[in-house]
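Numbers restart at 1 for each chain; the letters A, B, ... are given by sequence-line order, proteins then strands. Only this structure's heavy atoms are used, side chains among them; waters, hydrogens and symmetry mates stay out.
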Protein chains: 2
Amino acid sequence: MPEKNSVEMLLELLQLVLPNLEELLDERYRVLRAIYFLQPIGRRALSDYLLTGERTVRNLVEELKQQGLLQTTPLGLITTKKGSDTLWLLKEYIEKIKGIENLEKLIAQRYNLKRTIIVSGDADKDLTAKKEMSAAAARVLEQELKNGMILAVSGGTTMAMVADSMDTFSEPKVVTVVPARGGLGEDVEKQANTVAAKMAKSLGGSYRLLHIPDVLEEELLKPLLTSSYINEVIDKIKHADILLHGIGTAEEMAGRRSLQPIFLKKIQDSKAVGEAFGYYFDAEGRIVHTTPSAGLRLEDLRNIAISIAVGGGVSKAEAIKAFLKLAPIDILVTDEGVARKLAE
Amino acid sequence: MPEKNSVEMLLELLQLVLPNLEELLDERYRVLRAIYFLQPIGRRALSDYLLTGERTVRNLVEELKQQGLLQTTPLGLITTKKGSDTLWLLKEYIEKIKGIENLEKLIAQRYNLKRTIIVSGDADKDLTAKKEMSAAAARVLEQELKNGMILAVSGGTTMAMVADSMDTFSEPKVVTVVPARGGLGEDVEKQANTVAAKMAKSLGGSYRLLHIPDVLEEELLKPLLTSSYINEVIDKIKHADILLHGIGTAEEMAGRRSLQPIFLKKIQDSKAVGEAFGYYFDAEGRIVHTTPSAGLRLEDLRNIAISIAVGGGVSKAEAIKAFLKLAPIDILVTDEGVARKLAE
DNA sequence: ACCCGAGGGACCAATTATGTCCCACTAGTT
DNA sequence: AACTAGTGGGACATAATTGGTCCCTCGGGT
């Protein structure tokens, strides 16, 4: 591929001559991306999102406006057509500079994944990295979903974001979307049920709901499983063709599950770093605590053709790393912050 | 050419996102080029050449050193192998960014030239632009010269520089080099004779000298033309296959020719902007004054297969422009400063 | 009508860039 | 061997640019 080599040659030379090129481009990419995903947005809100000063954002915005990539409206900044076209082109080159493709291959190989997808940035520092990650997950779904399939999805912030970022697909997918887990915590929009319904709408398919809490003692759970409706939904869940789920740190999941203090202490003492499907695990991927859970269990994953995990932000790197040691998933969608940790 | 398009696409996008990219690259190119041509050179001398402050040069040099493109010796800075390789690659990309190729085509077309060669920069501001121009002229000679040909060369700073920059050609050219003009001014190294001898050595050919002054009244010149030696050399000059010459402003040429005050006044009154082969011409390319001259005359140019003019620096743009209107030359080697004026 | 968030204006402090000069060392010349 | 010129690196002060912070008027949404 002579073409590929000369673009890479040029980028290499430019980085040699302008050692801060990556930084300069990244900065502009981040601003453009944030405005693209959050538009219309004012300057002050933007600087909050980017954890960058108002004046700094303003300088960059002014420059991008002059280049015709952004424009101001009374409601806030928006990208022009030229701006969004530039954004996606820039994404390609930034990824080349950062060696994202190599990183993807390295991680897929090291953790025995079918595929890794990395987006620029660190979701801890820039929420729009999470938005880009969600859009990437939506694209994976679009590729993998076929008519007649069952998609099981979990809840959480990231999943809600994936659901939000699914534009109506050009071609409807006649699929069934089911929640991978029962109700958890108090936030309606983050529930697996809500996510499942929203995704089904975007996909053009149908959904089923699971009306039981995720945290339930075994003696309470057993009688509920005699309900034919609940049994039917759980059956679908366990026979899902595709699973899409987030990965949480032990800390945040314990909070969302409202665990009793004695369990919280147990989890802390055993150095749990993450949680998935009711299992708490330490940094080596060893299970250190199990909570009863109505939906999918870890062992169910081997019956699912395609498991897709989505998660980003450096603070989650340890949990994600441990999870990859524990569970046989297929596709990981993450961000650069996590990827560099995984590659260490 | 998909390859070409994607490099250009990338450069276009980078300029969109980093509007000062050209400036940043040009700066680094200028420093690298200067050190390449002048090495070994100290920082202070370098800043004099570049008309840039010492501290500014130092910052750039420090950066390029860190990237392995330059190194310091007790005698001064030199380029590394990596540095000179980078320089020539960078030249290519800078020329793309600046649209040098389009400029070359435009000027060749507008002034009915077979070919135009433009190097980056303005020789008035950066003497190493002139060095690069000289190297480019040397390369043209290497391409055009064939065994048995006669090459006529004029004197002057630029011509001396061309002679200096001719490395021994990989393949010797069995040619005869002759001075296009007689002696002019006081500077030995700038004489057409010196230039001719030096070039002949580098080329691996032979040379003939013309031992008469360029400025000579007709009644003194005629008897000299009866000398069979002088006649023989002049005959060779008028039958040269290739002519290589500089272009001077009227002002500097009048100075070099030590013209009498009444002639100086005449030249100023008639708004002469340039001089070539003893002819002073105004901005429209009209001859306004003629001095007797022993070497080549303007009308001899039509008998020469390939005429190559070399000149740069914005202060010469007007003279060069006028000359191109006056004389049917084939190849122009100039710099960006002049080229942008020619293109207006 | 009211409120909130928008962009543009403005001022000031902090940081970076640039100018200038000094010193010890080395290489070249006499 | 002695001397000189030019070198790179150090250092400090000044100038310019960057970034932070806050204010004001306007427009859109409720």
Side-chain angles (χ1 to χ4, degrees), chain A residues 17-80 82-83 125-128, chain B residues 17-80 82-83 125-128:
Chain A
V17 165
L18 298 171
N20 61 340
L21 180 68
E22 181 178 329
E23 195 184 319
L24 291 172
L25 293 181
D26 204 51
E27 216 169 32
R28 284 153 178 76
Y29 178 72
R30 281 180 71 234
V31 169
L32 259 184
R33 179 177 68 177
I35 293 168
Y36 177 78
F37 278 117
L38 302 171
Q39 70 190 336
I41 187 162
R43 184 186 71 218
R44 276 182 216 96
L46 184 61
S47 75
D48 288 342
Y49 262 104
L50 293 172
L51 302 176
T52 303
E54 189 192 323
R55 177 34 93 181
T56 303
V57 164
R58 204 164 153 181
N59 290 340
L60 272 176
V61 164
E62 200 51 49
E63 186 183 290
L64 297 174
K65 268 165 67 185
Q66 272 187 1
Q67 300 294 94
L69 305 182
L70 300 177
Q71 67 194 64
T72 57
T73 70
L75 291 191
L77 292 158
I78 60 172
T79 50
T80 60
K82 187 178 176 185
K125 295 181 187 164
D126 174 2
L127 282 185
T128 57
Chain B
V17 166
L18 298 170
N20 62 340
L21 180 68
E22 182 178 327
E23 196 185 319
L24 290 173
L25 292 181
D26 204 52
E27 214 169 35
R28 282 151 178 80
Y29 178 72
R30 282 181 71 235
V31 169
L32 259 184
R33 179 178 68 177
I35 293 167
Y36 177 80
F37 278 117
L38 302 172
Q39 70 189 339
I41 187 162
R43 184 186 70 216
R44 277 182 215 93
L46 185 61
S47 76
D48 288 342
Y49 261 105
L50 293 173
L51 302 176
T52 303
E54 188 193 322
R55 177 34 93 183
T56 304
V57 164
R58 202 164 152 182
N59 289 341
L60 272 175
V61 165
E62 200 51 51
E63 187 183 288
L64 297 175
K65 266 165 69 185
Q66 272 188 358
Q67 299 295 93
L69 305 182
L70 300 177
Q71 68 194 64
T72 56
T73 72
L75 291 191
L77 293 158
I78 60 174
T79 51
T80 61
K82 187 178 175 185
K125 294 182 189 165
D126 174 3
L127 282 185
T128 56

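Between the CG atom of B/N59 and the C1' atom of C/dT20 there is a distance of 14 Å, rounded to whole Å. In this structure, A/E54 atom CD and D/dC24 atom P are separated by 15 Å, rounded to whole Å. In this entry the distance linking CZ of A/R58 with P of D/dT17 reads 18 Å, nearest Å. Across the protein-nucleic acid pair, A/L46 atom CG and D/dG19 atom C1' stand 15 Å apart, rounded to whole Å. Following rounding to the nearest Å, A/R43 (CZ) and D/dC26 (P) show an atom-to-atom distance of 17 Å. Atom P of nucleotide C/dT18 and atom CD of B/E27 are separated by 8 Å, given to the nearest angstrom. When the P atom of C/dT29 is taken as reference, atom CG of B/L75 falls 10 Å away, rounded to whole Å. Going from atom CZ of A/R55 over to atom P of D/dG20 covers 10 Å, rounded to whole Å.
Contact annotation for A/I41: backbone-only contact, meaning every heavy-atom pair under 4.0 Å involves sugar-phosphate atoms and none involves a base.
For A/Y36, the OH atom counts as loosely surrounded, since its 6.0 Å shell holds 12 or fewer non-hydrogen atoms of other residues, nucleotides or ligands. Sparse packing is recorded around OH of B/Y49, with 12 or fewer heavy atoms of other residues, nucleotides or ligands lying under 6.0 Å away.
Side-chain nitrogen and oxygen atoms of B/T56 include at least one within less than 4.0 Å of the OP1 or OP2 phosphate oxygen of C/dG19.
At a cut-off of 3.5 angstrom, counting only N and O atoms as typed in the model, there is a donor on one side and an acceptor on the other between the side-chain of B/R44 and the base of D/dG8.
Without hydrogens or angle criteria, A/Q67 side chain to B/P19 main chain gives no donor-acceptor distance under 3.5 Å. In this structure a side-chain-to-backbone donor-acceptor pair under 3.5 Å is present from A/R30 to A/L50.
Nearest-nucleotide positions on DNA chain D place B/P40 closer to the 5' end than the other of A/T52 and B/P40. Between A/A45 and B/G53, it is A/A45 whose nearest contact on DNA chain C lies nearer the 5' terminus.
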